[in-house]
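Each chain gets a letter, A, B and so on, in the order the sequences are listed, and its residues count up from 1.
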Amino acid sequence: MPTPVRTRFAPSPTGYLHIGGARTALFNWLYARKHGGNFILRVEDTDEARNTEEARQAIFSSLEWLGIDWDEGHEAGGDCGPYFQSQRQDIYATWFKKLQDAGRVYEDDGAWRFRFERKPITMQDLVCGEVTIDYTDESNTPDMVVRRSDGSFVFHFVNVVDDLEMGLTHVIRGEDHLMNTPKHLQLFEAFGKVPPAYAHIPLILNADGSKMSKRDTGAAVHEYPDRGFLSDAVINFIALLGWSPKDDSEIFPLSELIERFSLEGINRSPSRFDWDKATWMNQQHLLKLPPESFAEAGLPYLQSAGMETPDNFTLMAKSVQEKVQLLSEVPEAIRFYLGEGVEFDPPALEKLSGNEAAPKLLTVLAENFRALPDWTSPKDAIATSAEAEGLKPGKLMFPLRVALSGKTGGPDLGDILSILGRDESIRRIEQTIATLQDA
RNA sequence: GACCCGUUCGUCUAGUGGUUAGGACUCCGCCCUUUCACGGCGGCAACACGGGUUCAAGUCCCGUACGGGUCGCCA
C-alpha cells in the first residue's frame with residue numbers, strides 16, 4: 001500500500017496572498033484531494049521583522065475565499081503541530097544537535113554553516129525531470145548558514161526539518177526554489193531521511209512578460225472578490241495557467257478539477273496573466289450559477305456601489321445574469337430599474353429621436369397598457385398595438401425599450417415591463433413622449 | 001557574470017518523428033435575436049534562429065538568440 005499523500009502550502013506572512021502563491025497552494029491542494037491525502041497549512045514565520053498579523057489573516061482569508069481548505073494547521077489541528085515555525089524552536093534545536101553531532105556544521109562569525117558534500121547533486125523533479133547541480137565547485141555553492149548568530153534558524157533548515165517531521169510526500173513549489181532543492185536534498189541526506197518528491201512549477205508573469213510583483217494588477221488574491229470574480233472562476237483560471245487537462249475542455253467545476261488534475265499536465269514555461277481571459281472565464285462560471293445564487297452573489301456589490309437593495313432585486317438580478325461578466329457590473333446593469341422616470345443614454349435618445357413615428361407608437365402602447373385587464377402578460381399589449389398600427393411587433397420593441405430603460409441594450413422587454421410594473425412603465429413612456437416633443 | 005529552467009498564433013495551450021499544426025481568449029465578419037449578452041458559423045494569426053541526425057523533425061542532438069529563475073545570517 002502506498003503511503004498516503006501529504007502536501008503543504010507554506011507561506012510566510014509578510015504580505016497578502018499573491019496569485020502565484022495561490023496557484024502553488026491550489027496545486028498542492030488538488031494533488032492531496034485527488035489522492036485522498038492531507039493538505040497542510042504551515043506558516044513560515046521565522047523572519048520576525050517582516051511578519052505581520054494582518055498578513056497572516058489576509059492569507060487565511062484569501063485561502064478560505066478560494067475554497068482551499070486545510071486538514072492540518074491553523075484552527076484545523078493535526079498531529080504534527082505546531083504549524084507555526086515560530087513555535088517550533090525546540091524541534092529545530094533537536095535536529096540541529098544531530099547536525100552538530102555528525103560534524104556537519106561549523107561556526108562562522110557566530111553563525112553556523114552546514115558543510116555541503118562536494119559532489120554533483122541530481123534530483124528527479126516531477127516537472128523538470130532530471131536536473132544536476134554540481135556542488136564540487138565550492139565557490140559556486142558556499143556552505144550555507146543554517147543558524148544565525150542570534151540563534152534563530154534559517155529557511156532552508158526549518159523547511160527541511162518541517163517537511164520531514166510532517167511527513168510530506170510531495171512538495172509542489174515555485175520554480176524559484178529549484179536551485180534550493182540540492183541544498184535541501186543534502187540536508188535530508190545528512191539527517192539520513194528520505195526526501196519528498198519535488199515538483200517545481202513555472203512562475204506567473206505579467207501580461208507584458210515581466211515578473212509579476214506586489215503592486216501589479218491581478219497580483220493580490222483579495223482584489224478578485226472586490227472586482228466581482230467568483231472564487232471558482234479564479235481557481236479555474238489559475239489552474240489553467242501552467243497546467244493543461246490535455247484536451248479542449250476549459251470550464252471546470254472544482255470537483256472536475258480535482259478529478260482531472262495531475263502533475264504530468266504541468267507545463268515547463270512561465271505563463272503570462274491575461275485579464276481578458278480571466279474575465280471571460282468568470283462570465284462562464286456566472287452563467288452556470290442557478291439564478292437565485294447569482295442574485296445572492298451580486299447582492300454585496302449593491303452596497304459597495306452605495307445602492308439600497310430594491311424589493312425585487314432577485315428578479316432584477318436574474319434579468320441581467322447573462323449580461324455581465326463580473327459581479328461588480330450588477331449594480332450598473334440594474335440601476336435603470338430604480339427610481340421614478342427614465343434617464344436616457346445620449347446615443348439611445350438620439351436614435352429614438354430619429355424615429356418620427358416614435359411618439360405616436362409610444363402613445364398607442366401606453367393606451368394599450370392601460371387597457372390591459374391585469375399585468376400578468378404585458379407583452380400582449382405590444383402585439384395589440386402593432387396590429388392597430390399595421391406594423392410588426394418588432395417595430396415597437398426598440399422605441400419601447402428606450403422609453404423604459406433609456407438604453408439601447410439590456411434585459412428582455414417582458415422582464416423589464418413586469419419588474420417596472422404598469423404605473424411606472426406608463427409613466428416612463430409618457431415622460432419619453434414629452435422629452436421627444438420638447439426636442 | 002556563473003549556474004539552472006524554458007521558447008508552438010498577441011495571450012493561455014494541444015501536439016511525444018509522417019497533422020491541411022487543433023482548441024480557447026482578444027479582434028473582424030455572418031447567423032440567431034425586440035436590444036444587449038449568450039449561443040452558432042467563419043476569418044486573421046504560431047512551431048525563435050542556425051546547424052546536424054533521419055526517407056521524414058514543431059517533435060531527437062548541438063549551438064546561438066531571447067525570456068525566466070538562482071547565486072543572503074530573506075523566504
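Between Asn267(A) and rU13(B) there is a side-chain N or O to OP1 or OP2 distance below 4.0 Å. Residue Ser271(A) has a polar side-chain atom (N or O) positioned under 4.0 Å from OP1 or OP2 of rU13(B). The phosphate of rC73(B) has OP1 or OP2 within less than 4.0 Å of a side-chain N or O from Arg113(A). Between Ser269(A) and rC5(B), a side-chain N or O to OP1/OP2 separation shorter than 4.0 Å is absent.
Taking atom C1' in both rU7(B) and rG50(B), the straight-line distance is 15 Å, to the nearest Å. Comparing the same atom, C1', in rG68(B) and in rG51(B) gives a spacing of 26 Å after rounding to whole Å. For the P atoms, the distance from rU35(B) to rG69(B) is 50 Å, rounded to whole Å. Distance check on atom P: rA45(B) versus rG22(B) gives 12 Å, rounded to whole Å. If you take atom C1' in rG58(B) and the same atom in rU16(B), they sit 11 Å apart, rounded to whole Å. rC3(B) sits 25 Å from rC60(B) when the C1' atoms are compared, rounded to a whole Å. rC28(B) and rU33(B) are spaced 23 Å apart, taking the P atom of each and rounding to whole Å. A gap of 26 Å separates the C1' atoms of rC12(B) and rG17(B), to the nearest Å.
When heavy atoms are screened at a 4.0 angstrom cut-off, Asp134(A) is found touching no nucleic acid atom at all. Using a 4.0 Å heavy-atom distance criterion, Glu329(A) is classed as making no nucleic acid contact. Across all strands shown, Gln283(A) has heavy atoms under 4.0 Å from sugar-phosphate atoms exclusively, and none from any base. Residue Glu44(A) is in sugar-phosphate contact alone, with no base atom involved, counting any heavy-atom pair closer than 4.0 Å across all strands shown. Contact annotation for Leu203(A): backbone-only contact, meaning every heavy-atom pair under 4.0 Å involves sugar-phosphate atoms and none involves a base. Heavy atoms of Arg272(A) sit under 4.0 angstrom from primed sugar atoms or phosphate atoms, though from no base atom. The residue Thr141(A) sits apart from the nucleic acid: no heavy atom pair falls under 4.0 Å. Using a 4.0 Å heavy-atom criterion, one finds that His156(A) contacts the bases of the nucleic acid, with or without backbone contacts as well. Contacts of Asp150(A) with the nucleic acid, taken as non-hydrogen atoms under 4.0 Å apart, are absent. Within 4.0 Å (heavy atoms only), Lys288(A) reaches no atom of the nucleic acid at all.
Between Tyr106(A) and Asp143(A), the side chains place a donor N or O and an acceptor N or O closer than 3.5 Å (distance only, hydrogens not considered). Asp134(A) and Thr136(A) share a donor-acceptor pair across their side chains, judged by distance under 3.5 Å alone. Inspection of the Ser405(A) and Arg401(A) side chains reveals no N or O donor paired with an N or O acceptor under 3.5 Å.
No more than 12 heavy-atom neighbours from other residues, nucleotides or ligands sit within 6.0 angstrom of CD on Glu48(A). Remark: Lys351(A) NZ is loosely packed, at most 12 non-hydrogen atoms of other residues, nucleotides or ligands lying under 6.0 Å away. Other residues, nucleotides and ligands contribute over 12 non-hydrogen atoms within 6.0 Å of the NZ atom of Lys34(A). Surrounding CD of Gln57(A) are more than 12 heavy atoms belonging to other residues, nucleotides or ligands, all under 6.0 Å away. Within a 6.0 Å sphere centred on CD of Glu53(A), other residues, nucleotides and ligands contribute more than 12 heavy atoms.
The stretch residues 241-255 of chain A touches RNA chain B through Leu241(A), Gly242(A), Ser244(A), Lys246(A), Asp248(A), Glu250(A), each having a heavy atom within less than 4.0 Å of the strand. If you check residues 158-181 of chain A against RNA chain B, the residues with a heavy atom closer than 4.0 Å are Glu175(A), Asp176(A), His177(A), Leu178(A), Met179(A), Asn180(A), listed by number.
Within the 6.0 Å centre-distance limit, the rings of Tyr224(A) and Trp275(A) are counted as a close aromatic pair.
Looking at Ser149(A), its side chain comes within 3.5 Å of the base of rC73(B) through a donor and an acceptor atom.
A cation-pi arrangement is not found for Arg260(A) relative to Phe252(A), the charged atom failing to lie both closer than 6.0 Å to the ring centre and inside a 45° cone about the ring normal.
Between Pro411(A) and Phe153(A), it is Pro411(A) whose nearest contact on RNA chain B lies nearer the 5' terminus.
Between the Arg88(A) side chain and the Pro82(A) main chain, a donor and an acceptor come within less than 3.5 Å of each other.
rG18(B) is paired with rC55(B) under the Watson-Crick or G-U wobble criterion, all donor-acceptor distances under 3.5 Å. When both pairing distances are held under 3.5 Å, rG63(B) makes a Watson-Crick or G-U pair with rC49(B).
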